[in-house]
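For reference, the structure is listed below as structure tokens.
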Amino acid sequence: MARLAAEIVPVTPFQQNCCLLYDADSLRGVVIDPGGDVPDIRQAIDRLGLTIEAIWLTHGHLDHAGGAMALKAALGVELIGPHAADAPLLSRIEDQAKMFGVPGAFANATPDRWLDDGDSLAIGTHVFEVIHAPGHAPGHVVFYNREAGFLHAGDVLFAGSVGRTDLPGGDHATLMATIRDKILPLGDEVGFLCGHGPGSRIGAERRTNPFLQGPA
Ligand SMILES: [Zn+2]
Ligand SMILES: [Zn+2]
């Protein structure tokens with residue numbers, strides 16, 4: 001039974017968790033959210049001996065998508081996602097970098113394919129359901145592998161926190177509805193990785209995350 005494996009490469013001054021997600025037998029996989037520091041990402045790919053088949057984006061913020069075009073050019077693979085509602089963010093990544101005063105090589109991104117709620121993606125035999133998860137960003141998507149009980153939650157849900165909603169396109173009520181209606185129902189046993197900091201389990205967050213306590 002093939003097994004999924006993940007390697008985190010922290011990138012950008014925002015310490016974003018660029019994620020190499022791959023099948024541990026075939027060593028074929030994808031890169032999720034190459035926000036920057038592309039040489040570090042390529043070094044990790046080479047060190048692990050991976051064959052990267054695509055780049056997936058959770059959303060259009062600088063720290064998640066800023067290195068996407070450079071990595072795409074280097075690897076010759078498709079750039080997939082996020083939802084088209086993040087097109088305005090992706091076309092203004094260079095402006096985002098200026099706004100935050102972040103040094104580094106960041107480029108506006110144009111995906112080869114947008115994603116919709118209910119789409120599915122695959123790494124070999126591992127199937128991922130695409131869930132449109134707006135709130136932190138309008139076009140945010142998360143990737144759910146039902147068989148492994150694994151979720152890539154991007155910047156929607158963190159260990160002990162939730163995504164910030166003070167950036168352009170953010171909306172706190174929408175984010176909380178996304179978490180309540182689309183993320184928590186995946187089940188307490190589901191483990192997740194996220195865009196910043198350590199991962200967790202949905203049940204642990206449902207019980208202890210300060211943003212998820214009190215009346216729903
Ligand atoms: Zn973000
Ligand atoms: Zn982020």
Side-chain angles (χ1 to χ4, degrees), residues 6-21 30-38 40-41 44 55-71 79-111 114-115 117 130-144 151-179 182-183 192-200 205 209 211-212:
E7 175 86 2
I8 298 294
V9 184
V11 295
T12 80
F14 300 94
Q15 291 290 293
Q16 199 277 121
N17 293 328
C18 174
C19 178
L20 312 182
L21 192 60
V30 301
V31 177
I32 302 179
D33 289 356
D37 297 324
V38 168
D40 294 352
I41 299 170
I55 298 167
W56 298 353
L57 294 181
T58 62
H59 65 295
H61 284 154
L62 157 75
D63 53 328
H64 295 255
M69 295 307 271
L71 188 64
L79 178 59
I80 300 174
H83 186 283
D86 268 10
L89 285 173
L90 289 167
S91 65
R92 300 191 70 238
I93 285 174
E94 290 154 30
D95 291 343
Q96 294 180 48
K98 281 195 204 108
M99 185 171 92
F100 287 105
V102 189
F106 301 103
N108 297 341
T110 311
W114 299 111
L115 292 172
D117 196 58
V130 173
I131 301 171
H132 184 208
H136 172 73
H140 201 305
V141 294
V142 298
F143 305 112
Y144 175 49
L151 176 73
H152 191 295
D155 280 359
V156 172
L157 180 64
F158 301 114
S161 189
V162 299
R164 60 189 282 189
T165 50
D166 57 333
L167 301 167
D171 184 82
H172 188 70
T174 302
L175 177 71
M176 296 314 288
T178 285
I179 293 171
K182 293 181 148 180
I183 304 298
F192 68 89
L193 293 176
C194 46
H196 305 267
S200 181
E205 296 315 305
N209 189 312
F211 291 88
L212 305 184

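We use all heavy atoms of the structure for the numbers below, so side chains are in, but hydrogens, waters and symmetry mates are not. Heads up: numbering here begins at 1 and tracks the sequence. Just so you know, ligand 1 is whichever comes first in the structure, and atom 1 is the first atom listed for that ligand.
- The Zn ion (ligand 2) lies under 2.8 Å from an N, O or S atom belonging to His196.
- When you scan the N, O or S atoms of His61 for the one nearest the Zn ion (ligand 1), you land on ND1.
- The Zn ion (ligand 2) lies closest to atom OD2 when only the N/O/S atoms of Asp155 are considered.
- In this structure, the side chains of His152 and Leu21 stay at 4.5 Å or more apart for every pair of heavy atoms.
- Exactly one residue among Val31, Asp40, Val38 makes a side-chain contact (heavy atoms from CB on, under 4.5 Å) with Val9. That residue is Asp40.
- Side-chain contact check for His196 and Asp63: at least one donor-acceptor pair (N or O, by modelled atom type) lies under 3.5 Å.
- At a cut-off of 2.8 Å, His64 coordinates the Zn ion (ligand 2) through an N, O or S atom.
- For the Zn ion (ligand 2), the N/O/S atoms of Asp33 include none lying under 2.8 Å.
- Here the Zn ion (ligand 1) is the vertex; the NE2 atom in His59 and the NE2 atom in His136 give an angle of 100° (to 10°).
- The only member of Asp86, Asn17, Asp155 that meets side-chain hydrogen bond (donor to acceptor under 3.5 Å, both in side chains) when paired with His64 is Asp155.
- Asp63 contributes atom OD2 as its closest N/O/S atom to the Zn ion (ligand 2).
- Between Phe143 and Trp56, the ring-plane angle classifies as tilted under the 30° and 60° cut-offs.
- Across Ala109 and Leu79, no two heavy atoms sit closer than the pair CB-CD2, 4.3 Å.
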